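All values reported here derive from a predicted model rather than from experimental measurement. Throughout, protein chains are lettered first and strands after them, A, B, ... in sequence-line order, and every chain is numbered starting at 1.
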There are 2 protein chains.
Amino acid sequence: MQLDERKYLILQAIIDDYILTAMPVGSRTISRKSGVGYSPATIRNEMSDLEELGYLDQPHTSAGRVPSNKAYRLYVDHLMKTVKLTNDERERMQDHLAAKSKQVEGVIRSAAGVLSDATKYTSVIVAPKLSTLRIKHVQLVPVAERMALMVIVTNAGIVKDAVISVPEGMTADELYAVSRTLTEKLADKPLEAVRQAFAELLRNAEYNRKLLGETLQVIEKRLEAGGDASDVIVGGPANMLEYPEYSDVSKARNFLAVLESKDTLRKLLSRDGSMEISIRIGPENQLPALNDCSIVTASYRVGDHSSGTLGIIGPTRMNYNRVISVLEFMGRALSDVLSEYR
Amino acid sequence: MQLDERKYLILQAIIDDYILTAMPVGSRTISRKSGVGYSPATIRNEMSDLEELGYLDQPHTSAGRVPSNKAYRLYVDHLMKTVKLTNDERERMQDHLAAKSKQVEGVIRSAAGVLSDATKYTSVIVAPKLSTLRIKHVQLVPVAERMALMVIVTNAGIVKDAVISVPEGMTADELYAVSRTLTEKLADKPLEAVRQAFAELLRNAEYNRKLLGETLQVIEKRLEAGGDASDVIVGGPANMLEYPEYSDVSKARNFLAVLESKDTLRKLLSRDGSMEISIRIGPENQLPALNDCSIVTASYRVGDHSSGTLGIIGPTRMNYNRVISVLEFMGRALSDVLSEYR
DNA sequence: GTTAGCACTCGATGCTGTTGAGTGCTAACA
DNA sequence: TGTTAGCACTCAACAGCATCGAGTGCTAAC
C-alpha cells in the first residue's frame, strides 16, 4: 500500500490536532476540519490504512488514533509546513538576550531562559567546545602563599580559571612576567595547540619548569574533561510538567533526574553537525527515560568554528515547527553575541 | 489545660511516626509503641485533649491524627532529641566536599549536592555575601580592543569578574600597572570600603579618571546587586517529588517554580543570624507555595565574618533532627574549606 | 485513673450499570 | 468504483451503591 495525497493530508491533520490537544483524534474531528472534504466514514477507512502502515496507533478500540513515532518522523521530514516567527517575537528574544551580561556563562544562561520561555519546553545549551576556542590572554593572579589563579581569556570572551600552586616566594611581578610569556606564546593559538607551544616553551625554559609544567597540565585537563557542570545549562526544567505526558509524578521525577546529570545531557545533545537542525524522536535518543520526548538541536558558532549546541527537549507531541524556527533564530543570535569579541 | 509529661510523650510519638509514614496516626499505633504503656482508649483521650489544644488535626472523623504546625514548633523547640551523625557519614560528606574544585562556586555546588544527598531533601546555598569579603587582588586583563576583564580575588578565593571598557590604545602593561595600583590600594580592604579607597585614588589620579570611575561603578554595582543568579545554588530539586506531599503535579510545579526564582530563594534564606540554626515551619515562611514546607537554615563563615547561608527545604513533616545535624556539620565543613585561603 | 466494649463515622475499595465517543462493516448512492 | 449513511459494537470514563475497616467518642466496669 502506498501513501497517496489524501493519506498525507489526513495524517497531517491528525498530527496537527494531536499536537494541539494531546487527545486521541477521531474521524469526525478530522472530517470537520476545513480543507478536508470527506465524511467521517471515508476518513475512518483511511485511518485504518494508516494504522496498518504503522503511522497511527490506537490506545483502545473505541478511542481515536494517535500518531506513532514513525508518523512524527514523516511529519518533520516531509509534511510539516514551516511557520515564520513574527518580527515582534524576534525582537523580544533578541532584546532579552542582549540585555544581559557580557560574560559567556551569563549569555548562555539568559539564552536558555529565552529559549524555554519562547517554546514553553525545556531548553539545554552546551557551552562552546573548548577545542574550538582561541586563547587571547593568560594571566596568573596571586591568591595566597604558593597559590595562583590562572585566568584564560579566549576569543569568545569565555573565561576559564583554575587554581594552581606556584613555587615559594614568587612575587606578583614575577607572575606577571610569566603571564606575559605565556600570553605571547599562546595568543591566537587554539587551546588544542597548547601542548606543542608548551613543549617549546619548556625546552628553552627561562622560567621555573615546575610552574610551567603544572600550568600545562591544568589547561590540558580542562581540554580533556570537556568542561565541568556549569558548561551545560538547563532552562525551564519545570515547563515539562505542564504537559499531560508528565502528569504522572514518577515520570516527572525521571525526567528531572535526567536534567540533573550534565554528562547525560551533553551526550544527548551531541550531534554530527552536518545538518543545521537535528531532530531525535522518542526512542531515537536511546534513553528509556526520554522515550516519549523529542530532542531538537541546533548549533551555534564562535568565530569561524561550529562550537556548541542549543536544544529543546519536549514531548514527542511537540510543536516542531515553532521549535525549529526558534532554535534557528536563537542559534544565529547566540553566534552573533558570542563572536562579538573577535 | 496544661501539657503534662504524658501528653508530651504521646505528642512526640505521634510526630515521630507521622514523619516516618506520612499517614494519619491512630491510637492503636501509638499504644503499641515501646515506651508508651497505655491502652488505645487512654491514648485517645489524650489525643482528644491535644487536638483541643491545637497540636493535632484530624483530616476526617474516622482517620487518625496529624500534627499541626504548632506541634512541629513545639517539637523542634522542646521535644526533639538530637541524633549524632555516625563517623562514617561525617567522613563521607567531608570527602565528597573536599574532593572537588577549589573554586568557590565549585565548592558550593558540591556542598549543595552533598546536602541534598545526605538529607534526601532539596538544598539551597547562598554564596558568601560580598560585603563580608576582603579583596586580595584586582587584575585587569585585556580582552579586546577597548575592553578588559576585571578579576577580583578575595580572601575566600572567590572570583568576581566583569567586563569593563577601557580607554583606547591602552596596552597590557599599562593595564597591569593600573592593576597593581588598584591592588595596593584595595588589598585587605573589605569590598564595602572600596568606595572610600577609590575616592582617594581619584583625588591624586595619575591614571585615567574615566577608567577608574568605571571600575568603581562595576564593583559597586556588584555590591548592591547582592550577586547574580549563580550566587544561589540549588541541590536535588527533584528530591522533593519523592514525598507524597508532592504527588500532585501542580503542587510540584509550584515548588519547582519557587526554586527557579533565585531572588525569592535569597529572601527565603535570609536570617537574622543570631542563632545557629533557624527553622521556619509552614506558613512561617510567608510564601503560599511553600505552605507545607519547612525551611531549616544554618550559616557558614568566611574568615571571621558570618557570610552565607545553607539550608534545606523539605515537607513540614521533615526529619528535623537529622537535617539539623547535617546542616551544623556542613556549615562547619564549608566554613573550613572556604577559609582555607586566609 | 485506666481500660474494655460498642456504636458510629467516613474514606477507600470494588462492583455495576450507563453514557458517549469512536470504530468497523455493510449496503446504498453518485 | 469511490463515497457515504446507517447501524451494531466496543470500551474507557463516570456515577451510584454496597461493603469494609481503620479509627473515633462515649459509657460503664475495673
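Going from atom NE2 of B:His60 over to atom C1' of D:dG23 covers 9 Å, rounded to whole Å. Remark: P of C:dG24 and CD of A:Gln58 are 6 Å apart, rounded to the nearest angstrom. Between the P atom of C:dG22 and the CG atom of A:Asn45 lies a distance of 17 Å, rounded to the nearest Å. Distance NZ (A:Lys7) to P (D:dG2): 11 Å, rounded to an integer number of Å. One can place CG of A:Asp49 at 14 Å from P of C:dT23, the figure rounded to the nearest angstrom. Separating the CZ atom of A:Arg32 from the P atom of D:dT4 is a distance of 16 Å, rounded to the nearest angstrom. Rounded to an integer number of Å, the gap from CD1 of A:Ile10 to P of D:dT3 is 10 Å. Between the CE atom of B:Met47 and the P atom of D:dA22 there is a distance of 16 Å, rounded to whole Å.
B:Ser62 has no side-chain polar atom (N or O) that falls below the 4.0 Å cut-off from OP1 or OP2 of D:dT24. Contact annotation: A:Arg65 side-chain N/O to C:dG24 OP1/OP2 distance is under 4.0 Å.
The residue among A:Thr61 and A:Tyr38 whose nearest nucleotide of DNA chain D lies closer to the 5′ end is A:Tyr38. If you find the closest nucleotide of DNA chain C to B:Gly37 and to A:Gly64, the one lying nearer the 5' end belongs to B:Gly37. Take the nearest nucleotide of DNA chain C for B:Pro59 and for B:Glu46: the residue whose nucleotide is more 5' is B:Glu46.
In this structure, the nucleotide among D:dG25, C:dT3, C:dG11 sitting nearest to the side chain of B:Ser48 is D:dG25. If you check C:dT3, D:dG6, D:dT3 against the side chain of B:Ala41, the one that comes closest is C:dT3. Counting only heavy atoms from C-beta on, B:Arg44 has its side chain closest to C:dC6 among C:dC6, C:dC10, D:dT3.
Using a 3.5 Å distance cut-off with no hydrogens or angles, the side chains of B:Arg271 and B:Ser278 do not pair a donor with an acceptor.
Annotation for B:Asn239 and B:Ser116: closest pair ND2-O, 3.2 Å, computed over non-hydrogen atoms.
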task: Please step through side chain to side chain donor-acceptor pair (under 3.5 Å) for the pair B:Tyr121 and B:Asn319, ending with a clear verdict.
output: CA-CA 10 Å; B:Tyr121 300 120; B:Asn319 188 338; 5.6 Å; no
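Taking the side chain as every heavy atom from C-beta outward, A:Leu268 and A:Leu290 approach each other to under 4.5 Å.
For the atom pair OG of A:Ser39 and CZ of A:Arg44, the computed distance is 7.5 Å after rounding to the nearest 0.5 Å.
Shown here, D:dA28 forms a base pair with C:dT3; the pair counts as Watson-Crick or G-U wobble because both key distances fall under 3.5 Å.
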